[in-house]
Amino acid sequence: MNIHEYIALDPNEKPLDRIVEDGGMCAIFRNIACIGDSLSSGEFEALDNNGNRSYHDLFEYSWGQFIARDCGSRVYNFSRGGMTAKEYWNSFAADNGFWDEDKLCEAYILALGVNDLFGMKMEVGSVEDICDEDPEKNAETFAGFYARIIQRIKSMQPHARFFLMTMPREWTEQEEAKTSHRQLLHDLAEKYDHTFVLDLYEYAPKYDEEFKRRYNLYGHMNPMGYRLTAKMVESYIDYIVRHNPEEFYQVGFIGKPQYDERLDKKGE
């Protein structure tokens, strides 16, 4: 074992330089929730002989469930194909019991935005759209609805760790919206404690034609694509934990009375 990989960290290491094989430090979270859309649900796209497409959420193929098997953790799919932050807040979470106390987790991975920005054509918005005192007063932008989800969870599980996932880079006309989305997530990570960005836009491979040939099935990922995504997510979280150990001393006490806020270091 090379202990220097965990103590004397290379200051030039980038988040996906070290791909873990067993979940790495992501495994310190025993309960994880993945809040997202089709790409968080292991959705496969099928095409019949008449050219008709159909869409199938096969959660056992989701990157969240690959992480569950790697880490031995319980991972919830709080997701569905077509999901938006607005629908999640307005009905989906409540209708499916996702706010229930018995489903509170130590870590939340939020992967929303594709359907909001490119389907609903919703305005991205900014942290200025957030009302800290009353989430219901947030602006009806993507930022407003996305923040409501974080605010609700924080009101119930104030010491949970949040990982906000950007959209990966492609060679499309959508890049401007993706960069605005990315900036919003970085601003939210600055605003809220215990919140980090999984910046796949910056550090993941570009999802170009060669990538899609290998890892896509029509407009969604194939089994290898979801497996690769799991490796990137858990390796990125491993990187964050190794480089910010003081943020994770008390993961085992999240949701328990023994959690000591005096040990929280962020912002000092």
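All residue numbers refer to positions in the sequence shown, counting from 1.
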Using a distance-only test with no angle check, is there a side-chain donor-acceptor pair under 3.5 angstrom linking [X] and [Y]?
X      : Y      : value
Asp129 : Thr141 : yes
Asp260 : Gln250 : no
Ser41  : Ser79  : yes

In the single-linkage hydrophobic clustering (I, L, V, M, F, W, Y; side-chain heavy atoms under 4.5 Å), do [X] and [Y] co-cluster?
X      : Y      : result
Leu58  : Leu217 : no
Met167 : Met120 : yes
Phe162 : Tyr201 : no
Phe211 : Leu200 : yes
Met221 : Phe59  : no

Answer with yes or no after comparing the ring centroid distance for [X] and [Y] against a 6.0 Å cut-off, counting only values under it.
X      : Y      : answer
His220 : Tyr55  : yes
Phe78  : Tyr108 : no
His159 : Tyr259 : yes
His181 : Phe142 : yes

So, [X] and [Y], do they make that salt bridge, N to O below 4.0 Å?
X      : Y      : result
Glu45  : Arg53  : yes
Asp57  : Arg80  : no
Lys212 : Asp208 : no

State whether Tyr239 and Arg18 meet the cation-pi test: NZ (Lys) or CZ (Arg) under 6.0 Å from the six-membered ring centroid, and within 45° of the perpendicular axis. no
Does Arg227 make a cation-pi contact with Trp63 (under 6.0 Å, within 45 degrees of the axis)? no
Kindly indicate whether the side chain of [X], heavy atoms from C-beta on, has any atom under 4.5 Å from the side chain of [Y].
X      : Y      : answer
Glu175 : Glu170 : yes
His186 : Asp199 : yes
Ile130 : Lys191 : yes
Cys26  : Val20  : no

Residue that, paired with Phe98, satisfies ring-ring contact (aromatic ring centres under 6.0 Å, His included) out of Trp89, Phe92, Tyr76: Phe92
Among all residues two or more places apart in sequence or in another chain, which pass the side chain to side chain contact (heavy atoms under 4.5 Å, CB included) test with Ile240? Phe163, Phe196, Leu198, Tyr236, Asn244, Phe248
When you measure from the side chain of Lys14 to the backbone of Tyr203, do you find a donor-acceptor pair of N or O atoms at a distance under 3.5 Å? no
